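Structure first, then comments.
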Amino acid sequence: MDRAHIRNFAIIAHIDHGKSTLSDRLLEMTGSVTAREMQAQVLDAMDLERERGITIKAHAVRMAYTAKNGETYQLNLIDTPGHVDFSYEVSRSLASCEGALLVVDASQGVEAQTLANAYLAINNGLDIIPVINKIDLPSADVERAKEMVESAVGIDCKDALPVSAKTGLGIEDVLEAIVHRLPPPKGTPEAALQALIFDSWFDPYRGVIVLARVINGVLEKGTHIMLWTNKKTFEVESLGVLTPKPVEIDRLEAGEVGFLICNIKNVQDTKIGDTITDADHPAIEALPGFEELKPMVFAGLYTVDSHEHTLLREALEKLRLNDSSFFFEPESSTALGFGFRCGFLGLLHMEIIQERLEREYNLELITTAPSVRYRITATDGDAFEVDNPSKWPDPGTVETIEEPIITANIITREEYVGGILKLVEDKRGKQKNFEYISGGRVMLTYELPLNEIVLDFYDKLKSVSRGYASLDYHFTGYRESDMVKMDILVAGEAVDALSVIVHRDFAFERGRALVSKMRELIPRQMFEVAIQAAIGAKVIARETVGAIRKNVIAKCYGGDISRKRKLLEKQKEGKKRMKRIGKVDIPQEAFLAVLKVGED
Amino acid sequence: MALGIYISVPFCRSKCTFCNFASGVFSRDRMQRYVDRVCADMADSARIAESLGAVYERDVDTIYLGGGTPSTLAPDQPEQLFQSVRERFRVLPDAEVTVECAPGTLSAEVIATLLRCGVNRVSMGVQSFVDQETRAVARLHDRAITLADLDRLRAAGLANINLDLIAGLPHQTEESWRYSVRELIASEVPHASVYILEVDEDSRLGRELIAGGQRYHAHHVPDGDQTARFYEIACDLLTEAGIAQYEISNFARPGFESRHNLKYWTRRPYLGFGVDAHSMLLARQLHPDFPESTAAVRFSAADDLDRYLAQTTSEYESSCVTQRQALEEEMFLGLRLNRGVALDALCEHRRSPLPPAFHAVVREVTENGLLQESEGRLLLTERGRLLSNEVFARFINL
């Protein structure tokens with residue numbers, strides 16, 4: 001196909017603003033999928049994605065569209081992950097496109113992710129077509145939504161397209177606009193091969209499957225390719241496109257998007273954002289914008305049943321096959337036994353992995369409090385990073401501690417600003433911007449320590465705004481902070497799985513909340529149990545669980561032994577499900593308390 | 001070894017709110033069908049024992065008619081039951097024969113029936129001497145009725161009497177509890193049982209307490225720690241009065257311990273008849289299908305009256321007691337007794353030594369002050385009795 005008849009585009013939107021429905025409608029209108037085949041929202045493949053209404057992995061679908069001018073175009077819809085944790089993946093998907101549909105809900109207007117993704121698109125030089133969706137809803141206010149896009153995103157909405165992806169209204173206009181308002185790809189087949197990897201996954205039968213956009217040159221079966229960052233070479237075994245069904249083709253030319261299979265065994269080799277070139281005639285330089293993905297949030301994962309440890313490792317290995325951004329290594333805890341230290345791109349990424357482990361692999365998990373990676377400079381000048389409280393250095397040896405900082409954009413309704421301001425101040429936030437955008441909305445920009453976000457920030461934000469606040473953030477650097485390790489001691493023994501890194505000014509308050517929560521959760525034992533929060537040797541909070549007074553069957557059941565036996569077996573079973581620290585039996589929930597302190 | 005016989009009579013004039021037994025209020029007609037059915041089971045018991053490979057004794061040295069409220073039966077019904085026992089078994093001359101009675105059911109006629117049946121021990125569910133407390137749990141008697149019944153029993157020559165008290169009833173206070181215990185002592189009965197209110201899904205009051213509601217005076221039930229305190233008070237007062245504790249819930253003047261109930265805690269053979277009645281017999285030989293089994297078989301009848309009556313022949317759920325279970329039973333039954341468990345007896349009828357975990361558990365609970373070893377016996381401490389499930393559960397599945 002000549003490049004003038006190719007359009008590569010993405011759809012960007014806030015969660016639930018209708019990206020998936022619009023994708024489905026485009027596929028249906030171009031005949032890529034019949035209505036019968038359409039199990040609503042075909043692009044969101046995994047159950048989990050469908051349930052959460054987000055797309056975790058990007059996909060690319062080729063459609064053929066015969067426009068009103070009678071000419072047939074090749075449209076490549078490149079789907080983007082819909083969440084902040086995956087913003088690098090989004091940026092690479094966008095780098096594979098020339099244009100984007102910016103979908104905004106006609107009654108909700110602009111939300112934080114609309115903004116974040118729109119900026120990513122603008123930064124990648126994309127042409128943007130604003131689409132106002134859900135105009136069939138009674139609460140729709142197209143003009144207001146347009147105004148908000150203009151004032152918040154700063155793009156012209158004169159020609160925004162009003163549509164209802166649900167009913168199909170205005171979809172043809174969208175297709176026409178893609179053809180006429182978005183530019184065709186640049187680049188030339190004659191130049192040396194440069195293809196951008198924007199997604200890859202592992203298929204048990206075919207090995208790694210790579211989704212790529214050919215920027216320059218040509219990819220053919222048999223081409224010897226080289227992956228730029230690791231210089232590994234492979235031979236292209238097959239090429240194809242998703243329509244959305246996979247269809248094999250012979251070549252992919254500059255401007256086109258498709259998948260390639262080249263007997264790659266390890267998904268870690270195919271890094272998103274990396275450049276594929278021809279090993280025999282390599283390009284002079286790589287495509288711009290490659291970044292090595294780094295985990296930002298860390299937590300320990302343990303199985304409730306210690307016998308399932310091997311199953312957990314197998315499950316983690318399988319998940320990593322398809323997720324190069326996910327990292328894990330074995331760790332052990334005196335409290336929880338053998339487990340894994342895992343690194344995630346963000347909180348949602350962590351939740352998704354946890355849920356998949358529990359749902360797809362039927363594992364019952366205990367997750368330790370999420371932590372971030374601190375930069376530490378020792379008094380002897382040595383510099384290193386620590387993401388695990390158990391590896392926290394002796395304060396006497398530390399010169400400076402720096403913690404990761406994010407910049408957060410929060411969009412909310414005016415009436416909730418007060419509550420949100422208090423929340424971000426409580427979380428050590430520094431205001432960078434406060435802006436009224438139209439429609440009674442306020443946009444707040446804050447610098448916040450990532451450490452404060454990982455625990456319960458989302459939940460609290462949702463609660464103070466009754467759900468009417470959206471959040472987007474990106475990592476912006478490190479800042480020196482007075483961080484300390486707070487230990488929780490049960491009956492005098494520090495429980496490693498409960499240690500957290502906190503800012504010194506917050507330690508007292510957090511410590512009190514945590515020990516009081518623990519007091520509720522630890523059942524009374526045969527003896528009195530002290531629960532303490534301590535920084536080093538200094539105890540900052542204490543609660544006591546009184547000794548149990550009675551646990552007795554003081555009643556005659558005649559000769560019925562089975563009733564007594566059943567009760568005792570149940571008690572024994574209950575004890576077995578607890579973790580024993582020293583002499584104290586601690587229930588699973590207590591370990592989760594760290595995550596929930598202050599919720600009540 | 002002579003057997004104990006238990007007969008379950010699941011009938012009451014009214015159901016108490018704390019009751020978690022398979023008992024209730026039923027018609028006269030069903031009571032008769034029930035009695036007939038129990039007698040038929042007795043007739044069939046030799047065959048059942050045979051089929052289970054159990055030792056079947058004809059000698060019986062304790063009989064216990066429990067409930068429910070056996071004293072609600074019509075006069076001819078207990079006679080039919082006891083006659084059936086005497087037809088099938090040889091009741092030894094010094095046998096202990098107990099009947100449970102509710103205060104207020106002991107008319108002269110009923111007492112005469114008991115005497116004709118050879119009953120020589122009566123156990124009365126007094127629960128409390130405070131009228132507000134008995135009323136709150138829907139019992140039909142008060143203190144005056146109880147005392148009148150006691151007088152009548154003694155006048156008839158039935159002086160071997162047990163009274164039950166329950167700690168933790170709605171409206172109970174430390175003061176009212178002391179009053180009940182003192183009244184019991186003042187009545188000069190030779191035996192007392194002190195129970196603690198059980199909170200579970202099987203009673204109306206239990207369900208209400210779990211749900212946090214206010215029906216059945218649930219919000220006036222003292223908390224667990226208070227109830228524990230009541231129990232300790234009872235132990236102290238009864239001991240002072242010469243009614244010594246011999247089991248977690250049982251106290252007696254010397255020589256008045258319940259011989260029947262002792263069989264349960266010492267794992268002596270007994271046969272139970274009727275709804276939800278449980279039996280344990282010695283096995284004739286080790287069961288070939290259960291290589292782990294020791295010389296005991298346990299079996300029980302249906303725990304629901306309708307189901308029990310619907311069965312035309314005796315149907316039992318049975319199980320062989322494995323070595324491991326036998327050891328568990330030795331602990332959670334034997335340790336209930338103040339005299340505890342003899343260590344050498346534990347090893348005696350086992351073919352393998354005690355598991356190493358056994359000693360670790362003994363050490364742990366001893367360190368926590370719940371268990372002690374004295375003259376080759378393991379016994380619970382005072383605190384250990386109130387926390388006995390903590391101790392027992394640790395011996396399960398060693």
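Order of the sequence lines sets the chain letters (A, B, ...), proteins ahead of strands, with each chain counted from 1. Owing to the predicted nature of the structure, the values given are computational and were not obtained by experimental measurement.
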Nearest-0.5 Å distance that lies between atom [atom1] in [X] and atom [atom2] in [Y]:
X: A:L567; Y: B:F392; atom1: CG; atom2: CZ; value: 11.5 Å
X: B:N368; Y: A:I548; atom1: CG; atom2: CD1; value: 11.5 Å
X: A:K550; Y: B:S388; atom1: NZ; atom2: OG; value: 10.5 Å

Identify which part of [X] has an atom lying under 4.5 Å from any heavy atom of chain A, answering side chain, backbone, both or neither.
X: B:L370; value: side chain
X: B:F21; value: side chain
X: B:R229; value: both
X: B:N20; value: both
X: B:N261; value: side chain

For [X], does the [atom1] atom have more than 12 heavy-atom neighbours from other residues, nucleotides or ligands under 6.0 Å away?
X: A:R512; atom1: CZ; result: no
X: B:F358; atom1: CZ; result: yes
X: A:F338; atom1: CZ; result: no
X: A:K318; atom1: NZ; result: no
X: A:E358; atom1: CD; result: yes
X: B:E174; atom1: CD; result: yes

Go through [options] and name the one with the most non-hydrogen pairs under 4.5 angstrom from chain A.
options: B:L333, B:V391, B:D276; value: B:L333
options: B:Y270, B:Y64, B:Y264; value: B:Y264
options: B:A167, B:S249, B:A228; value: B:A228
options: B:R336, B:H278, B:R298; value: B:H278

Taking the side chain as every heavy atom from C-beta outward, state whether A:Q525 and B:E390 have any pair of such atoms under 4.5 Å apart.
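Sidechains of B:E390 and A:Q525: no contact.
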Residues that B:F273 engages under ring-ring contact (aromatic ring centres under 6.0 Å, His included), provided they are two or more places apart:
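ring-ring contact (aromatic ring centres under 6.0 Å, His included) list for B:F273, sorted by chain: empty.
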Looking only at heavy atoms, what is the nearest atom pair of [X] and [Y], with distance?
X: B:E329; Y: A:I561; answer: OE2-CG2, 4.0 Å
X: B:F332; Y: A:K564; answer: CE1-CB, 4.0 Å
X: B:I396; Y: A:R565; answer: CD1-NH1, 4.5 Å
X: B:I248; Y: A:I553; answer: CG2-O, 4.4 Å

Can A:R580 and B:E364 be counted as an ion pair, charged N to O under 4.0 angstrom?
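Yes, this pair counts.
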Any ion pair linking B:D202 and A:R563 (charged N to carboxylate O, less than 4.0 Å)?
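Yes, this pair counts.
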Top of A:A547, A:S562, A:G559 for chain B proximity - count of heavy-atom pairs under 4.5 angstrom:
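Top option by heavy-atom pairs under 4.5 Å: A:G559.
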Would you mind telling me which of A:R549, A:Q571, A:K576 has the largest number of heavy-atom pairs within less than 4.5 Å of chain B?
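Most heavy-atom pairs under 4.5 Å with chain B: A:R549.
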Verdict with supporting geometry, B:I196 and A:K555, side chain to side chain contact (heavy atoms under 4.5 Å, CB included)
CA-CA 7 Å; B:I196 292 180; A:K555 187 156 187 172; over 6 Å; no
Side chain to side chain contact (heavy atoms under 4.5 Å, CB included) for A:R524 and B:D225? Distances and angles first, verdict last.
CA-CA 12 Å; A:R524 294 161 77 183; B:D225 285 3; 3.0 Å; yes
